[in-house]
Structures are given as structure tokens and as C-alpha cells.
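Order of appearance sets the numbers: ligands from 1, and atoms from 1 within every ligand.
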Amino acid sequence: MGQKNIRPVNNKIWTIGEILKWTQKYFSGKNIESPRLDAEVLLSYVLKKERIYLYVHFDEPLQENELVQFRGLVKKRAARIPVAYITGQKEFMGMTFKVNNNVLVPRPETELLVEAVIERLPQDREAVFADIGTGSGIIALSIAKFRPDMKAYAIDISQAALAVAQENARVLQIQEQITFLQGDLLEPLSKTGIGLLQAIISNPPYIPLADMAGLEPEVRKYEPQSALTDNNDGLDFYRRLLKNSRDFLTSSGFLACEVGIGQAKRIKLMALEKGWGKCEILKDLAEIERVIIIWKQK
Ligand code: GLN
């Protein structure tokens, strides 16, 4: 019976090494950007093992049920569904976050924003910050996890996104640090009558509408459009944040945002025009200006 278990439908026994090689080639033919990595992530998900396991078990044969499940996932990936939506999870700041197609897939660049904020939050006292457009909650939750002395408002206009963020807060056991609010940008805060914030953080929809058609199918077809573009020139959310968020900050407070390619300097100009203080622009690993920190005062 054991013998029967490892014989898949076409009667071939596939080892971990062979199936990875085959899948990599298949994904390459579908123009998938990281064919090997995706094959490994999907297979380790099916096997419920870390990726490193695959490398030390290349010769291990797959069970038929594993093969059947893996084939299903490969088919989805070939249709260009993002890996994170297939597995329902994504690593960010060393933690696993649940995701679904109501939220943006966390991007590694966003870790730069989170790290920059963690460094700039006060070390000597408790403070409160807001994450505008929290999506899966990665920004608010990872900062809260690294800084148990902080409290946060996690705000999103999408109730479905907030449900994902709330579930992630539960898994990370940081619910007491986070208040979830539904609404447009800072609007729910005006109603709440809160004290002043130390930081307002956002990774807003910054892709210009004109660039949307040129995006990879994973993004264009599967990620929520409202999380990607402002349906304008990509700068609308920065304009609105610069206009509305200053009064919410303490005098030592700052606004920290992820920005798209080529946007940082234009946002800095807008901030200076509106009377904000010092601006810092940070580059990501690809040397792209990716994060802007705008202080309330000089
Ligand atoms: N804050 C979430 C993230 O950084 C969602 C951002 C968004 O939907 N624009 O991934």
C-alpha cells in the first residue's frame, strides 16, 4: 500500500529535486519573474516545511496527495495569481502575515519604511502613531511588535482589509496595542477626539493611473486596485496627507511615507510649500528613493 501512495497519476515517481526543476522550467515558460523561488515556496507550503528542507531532501519522493495538491497550486501560479494569495501568507520583518486578495501583498521595500520609523520613534516615552491605509496591517503591527511601548491606530477605508489586519494582530498577540478604525485617511481620528500623534505613517496607493496597464498581471489582475492607484498622477494621497495630517502631530512628530519611483523630490517640494519642516529621503537596496520622512518642525 505504501508503494501505491508514492505513485502519481502518470505512474512516475517525482522527487523533490525533479519536481522543482520541472516547475521552474514551466514557470519560466509562463514569464514568471522568479520561477525557482516560486516553485520552492509553493512546494515547501505543500510539504509544511521550511524552504531549506527541500535542499537537503532533493531525493525524497513526493506522496501522491502532495503531488496532486502541488499541481493545483502550480496551475494557479501559472495563471499569474501571486504566490502570497495562493498560500495565504507572506513574510514581512521576519513575521508571517496572513493575506488575501482584499489587501496588497507586502513588499520587501516597505521594511525600509518600518525600520526608519522604529528608529525615529522616541526611546524614552510611550507614544501613539497612526498607520493610514493599513491593508494587511504590516506597518502598524510590525512596528507595534518591535516597540511594545507604542500604541497605534490602524486605519483603512476597506472593512475587508481591516478584517485581515485584525486577524494578524490576533496571531501576533498585540491586539491591546492597536485600535482599528474604518474610514478615509485621518477622518475617523477627527471623530475619535484623540490626543496628538508622534507619527503618521502610510504606504498609500501611489501608482499613476497611466502606469497601471503596464504592470505585471499579478498586480494588475489580482491585487486591489484601490490599494495601488489614486486614479490620477500618483500623488493625490500625499497631497491630502500633507494638507490634513499636520494638526494631528505633536511638535516633535513626523509623517513617514513610502513613495513611488521619482516621486520623493516632488513630495518634498509640496511639503515645504505647505510649511512642513525638515525632510529626509531614504533609498532602498536598489538605490531608488523609496521613503520620505517629513517632520512637523524644522
Ligand atoms: N499598508 C499596507 C502595506 O504597506 C497596504 C498599503 C496599500 O494598500 N497601499 O502593504
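- Both tests pass for Lys12 against the ring of Trp14: distance under 6.0 Å to the centre and angle within 45° of the axis.
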For a distance cut-off of 3.5 Å, show me each N or O of ligand 1 paired with any protein N or O, plus the separation.
from: ligand 1; atom 1: 1 (N); to: Gly133; atom 2: O; distance (Å): 3.0
from: ligand 1; atom 1: 1 (N); to: Thr134; atom 2: O; distance (Å): 3.2
from: ligand 1; atom 1: 4 (O); to: Asn203; atom 2: ND2; distance (Å): 2.9
from: ligand 1; atom 1: 9 (N); to: Asn203; atom 2: O; distance (Å): 2.8
from: ligand 1; atom 1: 9 (N); to: Ala227; atom 2: O; distance (Å): 3.0

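- Ring pair His57/Tyr53 is parallel by interplanar angle, where below 30° counts as parallel and above 60° as perpendicular.
- Glu223 pairs in a side-chain contact (heavy atoms from CB on, under 4.5 Å) with only one of the listed residues (Asn102, Leu228, Leu215), which is Leu228.
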In sequence, state the C-alpha distance, the side-chain angles, and the governing distance for Arg147 and Gln177, and then conclude on side-chain contact (heavy atoms from CB on, under 4.5 Å).
-> CA-CA 10 Å; Arg147 294 293 302 269; Gln177 279 172 271; 5.9 Å; no

Could you tabulate the donor-acceptor pairs under 3.5 Å formed by side-chain atoms of residues 195-207, not counting sequence neighbours?
from: Gln198; atom 1: OE1; to: Arg125; atom 2: NH1; distance (Å): 3.4
from: Gln198; atom 1: OE1; to: Thr250; atom 2: OG1; distance (Å): 3.3
from: Gln198; atom 1: NE2; to: Ser252; atom 2: O; distance (Å): 3.1
from: Gln198; atom 1: NE2; to: Ser252; atom 2: OG; distance (Å): 3.2
from: Ser202; atom 1: OG; to: Ile132; atom 2: O; distance (Å): 2.9
from: Tyr206; atom 1: OH; to: Glu258; atom 2: OE2; distance (Å): 2.8
from: Tyr206; atom 1: OH; to: Arg290; atom 2: NH1; distance (Å): 3.1

Dump the intermediate steps for side-chain hydrogen bond (donor to acceptor under 3.5 Å, both in side chains) on Thr96 and Glu91, then the final yes or no.
-> CA-CA 5 Å; Thr96 303; Glu91 296 294 311; 2.6 Å; yes

